[in-house]
Peer 1: 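Pasting a structure here, questions to come.
All values below come from the heavy atoms of this structure, side chains included, with hydrogens, waters and symmetry mates left out. Values in this document were obtained by computation on a predicted structure and should not be read as measured data.
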Amino acid sequence: MARYTGPMTKKSRRYGVDLKGNDKNFEKRPYPPGEHGRGRIKESEYLLQLREKQKARYYYGVLEKQFRRYYEEATRRDGLTGENLLILLELRVDNVVYRGGFARTRAEARQMVSHRHVTVNGRSTNIPSYRVKPGDVVQIREKSRQSQAVVGSLEVFGSRDVPGWLSTDVDQFSVTVVEAPLRSQIDAPVTEQMIVELYSK
């Protein structure tokens with residue numbers, strides 16, 4: 001499946017937020033890339049809405065058609081569409097691996113899932129978009145626990161807060177989904193209402 005594989009720092013600089021996580025290159029140059037990166041851009045309402053949508057897409061690492069499907073499902077659910085959209089994205093298994101502290105970035109978490117280093121309730125999965133639900137236990141396979149990615153992530157584990165809707169057991173290399181996240185527990189740097197306005201046109 002096609003996926004953006006270019007430098008994430010460039011996208012972070014374009015949208016003004018660290019989309020990768022702990023991106024030191026973004027911290028050095030927090031302005032848009034390119035020759036005219038420091039110039040002023042006329043920001044229309046459409047541009048702002050499109051920017052929020054693209055920001056969310058790159059933040060969670062999903063494609064346009066996939067993102068649109070998440071939005072359409074969010075509209076069918078009770079409650080606020082924007083919040084529903086973020087909750088659906090947070091419940092992806094690759095995001096849970098990242099949020100639980102077993103990967104340094106979402107891209108790394110996605111690769112771990114794709115290479116079958118992760119199980120859900122004891123069953124192996126290689127689908128990063130697999131949706132977990134309350135009560136599910138996501139665990140790193142025993143053979144994969146000494147991999148460089150997992151060990152490296154656990155070295156910086158203490159510097160990242162695990163959200164309250166997850167419970168991590170470092171000794172068992174597992175993270176349990178306690179409940180579905182609330183909007184207040186999602187720290188995505190996205191104004192979801194602008195995404196809803198963009199798709200509502």
Side-chain angles (χ1 to χ4, degrees), residues 1-33 43 46-75 80-114 118 127-132 138 149 153 156 159-166 175 177 180-199:
M1 181 180 281
R3 189 169 299 283
Y4 177 74
T5 56
M8 280 304 294
T9 299
K10 207 169 187 178
K11 294 300 178 186
S12 295
R13 291 176 62 198
R14 168 61 56 203
Y15 299 115
V17 293
D18 183 359
L19 299 171
K20 182 180 175 183
N22 300 315
D23 190 344
K24 292 183 172 54
N25 289 318
F26 170 71
E27 291 172 12
K28 287 179 189 172
R29 297 183 293 176
Y31 50 85
E43 296 187 331
Y46 175 76
L47 175 63
L48 294 173
Q49 293 168 349
L50 180 63
R51 188 180 290 167
E52 289 303 308
K53 189 261 290 182
Q54 296 291 73
K55 209 190 290 185
R57 270 191 55 222
Y58 287 113
Y59 188 74
Y60 288 102
V62 298
L63 297 169
E64 180 61 47
K65 283 178 74 174
Q66 197 176 16
F67 191 84
R68 181 77 195 216
R69 285 198 297 270
Y70 278 121
Y71 174 79
E72 288 170 354
E73 182 174 349
T75 61
L80 298 173
T81 299
E83 289 188 13
N84 290 341
L85 174 62
L86 291 183
I87 290 168
L88 289 172
L89 291 166
E90 282 287 312
L91 289 172
R92 288 169 55 97
V93 71
D94 58 351
N95 181 72
V96 170
V97 171
Y98 168 74
R99 291 286 196 202
F102 295 108
R104 285 167 287 196
T105 64
R106 282 184 181 81
E108 190 173 82
R110 186 182 310 115
Q111 188 177 54
M112 288 170 64
V113 176
S114 297
V118 174
I127 303 171
S129 62
Y130 179 91
R131 187 177 306 155
V132 296
V138 179
S153 182
V156 296
S159 63
R160 190 193 308 157
D161 292 332
V162 176
W165 58 280
L166 297 175
V175 54
V177 183
L182 301 172
R183 178 62 183 98
S184 58
Q185 296 172 307
I186 301 173
D187 63 358
V190 175
T191 307
E192 64 274 14
Q193 184 55 34
M194 285 191 175
I195 301 172
V196 176
E197 290 169 4
L198 177 69
Y199 279 128

Peer 1: Out of I127, V177, V132, which residue meets the side chain to side chain contact (heavy atoms under 4.5 Å, CB included) rule with V93?
Peer 2: V132

Peer 1: W165 versus L91: any side-chain heavy-atom pair under 4.5 Å?
Peer 2: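 Yes, their side chains come closer than 4.5 Å.
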
Peer 1: Could you give me the CA-CA distance, side-chain angles and deciding distance for R69 and E73, then say whether side-chain contact (heavy atoms from CB on, under 4.5 Å) is met?
Peer 2: CA-CA 6 Å; R69 285 198 297 270; E73 182 174 349; over 6 Å; no

Peer 1: Output all residues satisfying salt bridge (Lys or Arg N to Asp or Glu O under 4.0 Å) with E72, sequence neighbours left out; order by chain, then residue number.
Peer 2: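 Once residues adjacent in sequence are excluded, the partners of E72 under the salt bridge (Lys or Arg N to Asp or Glu O under 4.0 Å) criterion are R68.
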
Peer 1: Roughly how far, to the nearest 0.5 Å, is CG of N84 from CG of L89?
Peer 2: 11.0 Å

Peer 1: So, E52 side chain and T191 main chain: donor-acceptor pair closer than 3.5 Å or not?
Peer 2: yes

Peer 1: To the nearest 0.5 Å, what is the distance between CG on L47 and CE on M194?
Peer 2: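 CE of M194 is found 10.0 Å from CG of L47.
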
Peer 1: Can you find a pair of side-chain heavy atoms, one from E192 and one from V196, that are under 4.5 Å apart?
Peer 2: no

Peer 1: Do E83 and L86 make a side-chain contact, defined as non-hydrogen atoms from C-beta onward lying under 4.5 Å apart?
Peer 2: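 Contact flag for E83/L86 side chains = no.
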
Peer 1: For the atom pair CZ (R183) and CD1 (I87), what is the distance rounded to the nearest 0.5 Å?
Peer 2: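 Result: 9.0 Å between the selected atoms.
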
Peer 1: On a heavy-atom basis, which atom in Y59 and which in R106 lie closest, and how many Å separate them?
Peer 2: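 Closest pair (atom of Y59, atom of R106, distance): O-CD, 3.1 Å.
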
Peer 1: Is a salt bridge present between K53 and E64, judged by a nitrogen-to-oxygen distance below 4.0 Å?
Peer 2: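 Salt bridge: yes.
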
Peer 1: Working to the nearest 0.5 angstrom, can you tell me the gap between Y71 OH and L198 CG?
Peer 2: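 Spacing of OH (Y71) from CG (L198) equals 8.5 Å.
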
Peer 1: Of all heavy-atom pairs between Q185 and P163, which one has the smallest distance, and what is that distance?
Peer 2: O-CB, 4.1 Å

Peer 1: What residues, two or more places apart in sequence or in another chain, satisfy ring-ring contact (aromatic ring centres under 6.0 Å, His included) together with F67?
Peer 2: none

Peer 1: Return the set of residues passing salt bridge (Lys or Arg N to Asp or Glu O under 4.0 Å) with E90 (not counting sequence neighbours), or none when no residue passes.
Peer 2: R99

Peer 1: At what distance, to the nearest 0.5 angstrom, does CG of L85 lie from OG1 of T75?
Peer 2: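 These two atoms lie 10.0 Å from each other.
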
Peer 1: Using only atom types and a distance under 3.5 Å, with no angle test, would you say the side chain of R57 pairs donor to acceptor with the backbone of V62?
Peer 2: yes

Peer 1: Starting at CD of Q66, measure out to OH of Y60 and round the result to the nearest 0.5 Å.
Peer 2: 13.5 Å

Peer 1: Would a 4.5 Å heavy-atom cut-off, applied to side chains only, mark D94 and Y98 as touching?
Peer 2: no

